[in-house]
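Sharing a structure, written as structure tokens. Questions coming.
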Amino acid sequence: MFLSVFDIFKIGVGPSSSHTMGPMVAGGRFLDALREQPFKAHGLRASLHGSLAFTGKGHATDRATILGLAGFLPETMDAEAAEAALELNRQTRVLTPRDLGELHFDPAQDLIFDFDRALSGHANGMILMATDAQGDVIFSETYYSIGGGFVLTAGEMAARGDETRSDASPKVPFAFAHASEMLEMAAKTDKSIAQMKRENERVFRSDVEITAGIQRIWQVMRDCMDRGLATRGILPGGLSIRRRAAGIHEALQAESGLNQTAPHVINDWMSMYAMAVNEENAAGGQVVTAPTNGAAGVVPAVIRYWLDHVPGASERQLDDFLLTAAAVGGLIKHNASISGAECGCQAEVGSASAMAAAGLCAVLGGTAEQVENAAEIALEHHLGMTCDPVRGLVQVPCIERNGLGAIKAVSAASLALRGDGKHFVPLDVAIETMRQTGRDMMDKYKETSLGGLAVNVPNC
């Protein structure tokens, strides 16, 4: 299966691509399947398992599941219409998805957080059900939210194989499944990673569509960041976490141009950009998976750093940045994981940092070998990072962690550019190590809020 840049960078809503976007997408797929059935359903039911159960309320999975079953999708969701649908359900215990009539759904009874039974396919599992007039289940499907807004049924999960890796598809001219293959193709054709990725994209859409789509992605990223830089207050969820990006921005602007400003203050700019995005994500705003919502601040922060602080930077190179980043994200997704519930935060912020490092290295003139080295450095130095959100909210340590991921990405790109591309640990090895580390990591450190900071920090 070909992984497009628009698969890696999806427009959606916060706070979580796995817990918010995934359940909404699953709800839409279930409704489509239900429309094809020969019988009429009278009600709906859902059970959440694994990480979707343990951190579901903090991640707003209950809300997302209801909206998905009401027919809302992440990319097109109108916030006012969604609130109206939720309020109607609170009053009537009914959902009214298109072409299915009124369906009974009482969240208190029909939305089940099953903490005892994990599903076998993935840590983010859910079962959606249709019931008859007596409340008996007459149709059901199991879905897995595997990270980045991607959703697979149980059957699709079981059938996954080598054909689903990265750009490995006979339909595209550069069908690389590993970084080593990507580098071999670049050397043979004298093309950059972005050029190869664009040629793959051209099989499915025109250059005009590719560029317009990438510009749309950046517009949503930038708008999200600007909202975060302008908004103050307390984030929802009960931890009383203050938004800090706007205050930091104001202070940095006041210091700008002063001769006594220390060089390391540039790190504050990068952290601020990332934090602005992730504060918006925590508040349920519109974001772009990069490659997930929990890591949505890293790539746009590095892009903003490059555009606003690096001499000679131009949005004309934005395609190269995001196409290169998407190529690396695709390699990580299908040879390891981008899911915090599967491999910890190394799979989210670690992957995002590797993608951002690769994109920055590319637009700063790096060779394919230097780009691969930049991605490897960034990923290697996130290996072992756990996912332990306090109270299941995508706030602590997630917001600051994006800032540090951006700083690591810029450092990794800079180090790679100081070399000639030759290095000891290949990116493929770092990706495989991340997969193995995630497999060996205890479940309590993988987005369940049962270990780490989640249990050692007072949160009430």
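Throughout, numbering of the chain's residues begins at 1 and tracks the sequence.
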Side chains of V277 and N402: closer than 4.5 Å at any heavy-atom pair? no
Decide yes or no on side-chain contact (heavy atoms from CB on, under 4.5 Å) for L128 and M126, but give the supporting numbers first. CA-CA 7 Å; L128 300 180; M126 63 190 305; 3.6 Å; yes
Ring pair (Phe, Tyr, Trp, His ring centres under 6.0 Å) contacts touching residues 11-50 (sequence neighbours left out): H19-H59, F30-F139
Cation-pi, F174 ring and K197 (6.0 angstrom, 45 degrees): no
Please check if any side-chain donor atom of Q195 sits under 3.5 Å from a side-chain acceptor atom of E199, or the reverse. no
Between E201 and S4: side-chain donor-acceptor atoms closer than 3.5 Å: yes
Go through the steps to decide whether T211 and D319 satisfy the test side chain to side chain donor-acceptor pair (under 3.5 Å), and finish with yes or no. CA-CA 7 Å; T211 297; D319 288 20; 2.9 Å; yes
Can you list, pair by pair, the side-chain donor-acceptor contacts under 3.5 Å of residues 233-243, counting residues two or more places apart and other chains?
{"unit_1": "R243", "atom_1": "NH1", "unit_2": "E280", "atom_2": "OE2", "d": "3.0"}
{"unit_1": "R243", "atom_1": "NH2", "unit_2": "E280", "atom_2": "OE2", "d": "3.0"}

Please confirm whether the backbone N or O of V363 pairs with a side-chain atom of D320, one donor and one acceptor, at under 3.5 Å? no
Between W306 and F321 the two heavy atoms that sit nearest each other are CE3-CD1, 4.2 Å
Which pair of heavy atoms, one from E372 and one from A179, lies closest together, and at what distance? CG-CB, 4.2 Å
Would Y273 and Y305 count as a close aromatic pair, with their ring centres under 6.0 Å? no
Run the side chain to side chain donor-acceptor pair (under 3.5 Å) check on T96 and E102 step by step: do they pass? CA-CA 5 Å; T96 56; E102 291 189 347; over 6 Å; no
Verify, without hydrogens or angle tests, whether N278 (side chain) and C398 (backbone) share a donor-acceptor contact under 3.5 angstrom. no
Judged by atom type as modelled, is there a donor-acceptor pair below 3.5 Å linking the side chain of T448 to the main-chain atoms of D443? yes
Within a reach of under 6.0 Å around CD of Q91, are more than 12 heavy atoms found that belong to other residues, nucleotides or ligands? yes
With a 4.5 Å cut-off on side-chain heavy atoms, are L34 and L44 touching? yes
On the six-membered ring of F150, is K10 placed so that its NZ or CZ lies under 6.0 angstrom from the centre and within 45° of the ring axis? yes
Side-chain heavy-atom pair V457, V396 within 4.5 angstrom cut-off: no
Using only atom types and a distance under 3.5 Å, with no angle test, would you say the side chain of S51 pairs donor to acceptor with the backbone of E447? yes
Cation over ring face, K57 and F113, 6.0 Å, 45°: yes
Ignoring hydrogens and angles, tell me if any N or O in the side chain of R29 forms a donor-acceptor pair with the backbone of V151 under 3.5 Å. yes
How long is the gap from CG on N281 to OG1 on T20, to the nearest 0.5 Å? 7.5 Å
CE on M21 to OG1 on T289, rounded to 0.5 Å: 5.0 Å
Keeping the roles fixed (side chain from T153, backbone from E156), state whether a donor-acceptor pair exists under 3.5 Å. yes
Heavy-atom side-chain proximity of E279 to T231 below 4.5 angstrom: no
Stepwise salt bridge (charged side-chain N to carboxylate O under 4.0 Å, His left out) check, D32 with R35: CA-CA 5 Å; D32 287 340; R35 291 183 185 104; 2.7 Å; yes
I'd like to know if the side chain of D428 and the backbone of S180 have a donor-acceptor N/O pair within less than 3.5 Å. yes
I need the S353 OG to R401 CZ distance, nearest 0.5 Å. 12.5 Å
Please determine whether a side-chain nitrogen of the Lys or Arg among R216 and E75 lies less than 4.0 Å from a carboxylate oxygen of the Asp or Glu. no
Which atom of V13 lies closest to which atom of P74, heavy atoms considered: CG1-O, 4.0 Å
A347 and C343: which non-hydrogen atoms are nearest, and at how many Å? CB-CB, 3.7 Å
Within the side chain of T55, is there an N or O that forms a donor-acceptor pair under 3.5 Å with the backbone of G392? no
Taking all non-hydrogen atoms of both residues, which atom of C387 and which atom of G340 are closest, and how far apart? CB-O, 4.0 Å
Considering non-hydrogen atoms only, spot the tightest contact between L31 and A70 and give its length. CD1-C, 4.4 Å
Does E380 reach the main-chain N or O of I377 with its side chain, forming a donor-acceptor pair under 3.5 Å? no
D132 side chain to G135 main-chain N or O, any donor-acceptor pair under 3.5 Å? yes
Are side-chain heavy atoms of I303 and M225 found at a separation under 4.5 Å? no
side-chain contact (heavy atoms from CB on, under 4.5 Å) between D207 and R202: does it pass, once the steps are laid out? CA-CA 7 Å; D207 273 327; R202 283 176 178 149; 2.9 Å; yes
If you apply the rule side chain to side chain donor-acceptor pair (under 3.5 Å), what do you find for Q219 with Q215, and how did you get there? CA-CA 6 Å; Q219 184 68 52; Q215 288 296 327; over 6 Å; no
